[in-house]
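Taking it in order: structure first as C-alpha cells, then the write-up.
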Amino acid sequence: MPTSRWVLAGLQILSVVVTAPAFAVPENVPAIIEGFVAKQFPGAASRFRVLNAAPWQTLDEIIVDVNAVVTKTAGETPVQHRYLLLIVAGQLAGAHSIPLDA
C-alpha cells in the first residue's frame with residue numbers, strides 16, 4: 001500500500017501543477033503592447049501581435065515575449081518581428097528586438 005500512497009500524492013501534485021495558469025497578465029498589458037506595435041509600425045496596412053509568454057513577473061514588473069506580424073502596404077507579404085518588452089508599474093520601460101528563433 002505505501003506505493004499507492006506515493007502514486008496518489010504524485011497525482012494530486014500533478015493536478016495542481018497542470019491546472020495552474022502558465023502566467024497571468026495584468027489588464028493593461030495588452031493595451032501597452034498594442035501601443036508599442038502601433039508606434040513601431042505607424043503606417044502599416046495591417047498588424048497584429050501575439051503574446052508568447054511572460055517569462056518573468058513581479059508585483060509591478062513584467063517581461064513579455066511578443067511577436068508582431070506586420071504588413072507595411074496592402075498586398076505585401078507580412079513580416080514577423082519579435083520583441084521582449086519590460087513593463088514597470090503599468091508603463092513600457094524598455095523594448096528589445098530579438099531573433100525569431102531565440
Side-chain angles (χ1 to χ4, degrees):
M1 278 301 187
T3 303
S4 63
R5 287 185 187 162
W6 282 106
V7 170
L8 183 58
L11 288 174
Q12 288 173 339
I13 291 170
L14 182 62
S15 69
V16 170
V17 171
V18 169
T19 59
F23 60 93
V25 177
E27 280 182 28
N28 63 341
V29 169
I32 293 169
I33 294 168
E34 181 57 32
F36 169 77
V37 173
K39 286 180 184 175
Q40 286 295 109
F41 308 100
S46 69
R47 63 181 174 264
F48 69 92
R49 80 293 192 272
V50 177
L51 179 60
N52 296 324
W56 183 74
Q57 182 175 348
T58 66
L59 291 176
D60 66 342
E61 294 182 358
I62 184 170
I63 294 175
V64 291
D65 181 352
V66 177
N67 278 22
V69 180
V70 179
T71 304
K72 291 188 179 183
T73 58
E76 191 175 288
T77 303
V79 178
Q80 187 174 357
H81 303 272
R82 188 171 176 198
Y83 299 95
L84 287 178
L85 304 180
L86 172 62
I87 299 169
V88 179
Q91 300 290 321
L92 181 63
H96 185 72
S97 178
I98 60 173
L100 292 173
D101 59 355

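Quick note: numbers below take in every heavy atom, side chains included, and nothing from hydrogens, waters or symmetry partners.
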Decide yes or no for His81 and Val70: does some side-chain heavy atom of the first lie under 4.5 Å from some side-chain heavy atom of the second?
-> yes

Is any side-chain heavy atom of Leu85 less than 4.5 Å from a side-chain heavy atom of Ile32?
-> no

By salt bridge (Lys or Arg N to Asp or Glu O under 4.0 Å) - contacts of Glu34 (at least two apart) | Arg47, Arg49

Enter the distance from Leu86:CG to Leu92:CG here, rounded to the nearest 0.5 Å.
-> 7.5 Å

Can you measure from CZ (Arg82) to NE2 (His96) and round to the nearest 0.5 angstrom?
-> 11.0 Å

Are more than 12 heavy atoms from other residues, nucleotides or ligands located less than 6.0 Å from atom CD of Gln80?
-> yes

Is Tyr83 reachable from Val79 through a run of hydrophobic residues whose side-chain heavy atoms are each under 4.5 Å from the next?
-> no

Which pair of non-hydrogen atoms, one from [X] and one from [Y], has the smallest distance, and what is that distance?
| X | Y | answer |
| --- | --- | --- |
| Asn28 | Gly90 | ND2-CA, 3.3 Å |
| Thr71 | Thr73 | CG2-O, 3.1 Å |
| Ala74 | Ala45 | N-CB, 3.6 Å |

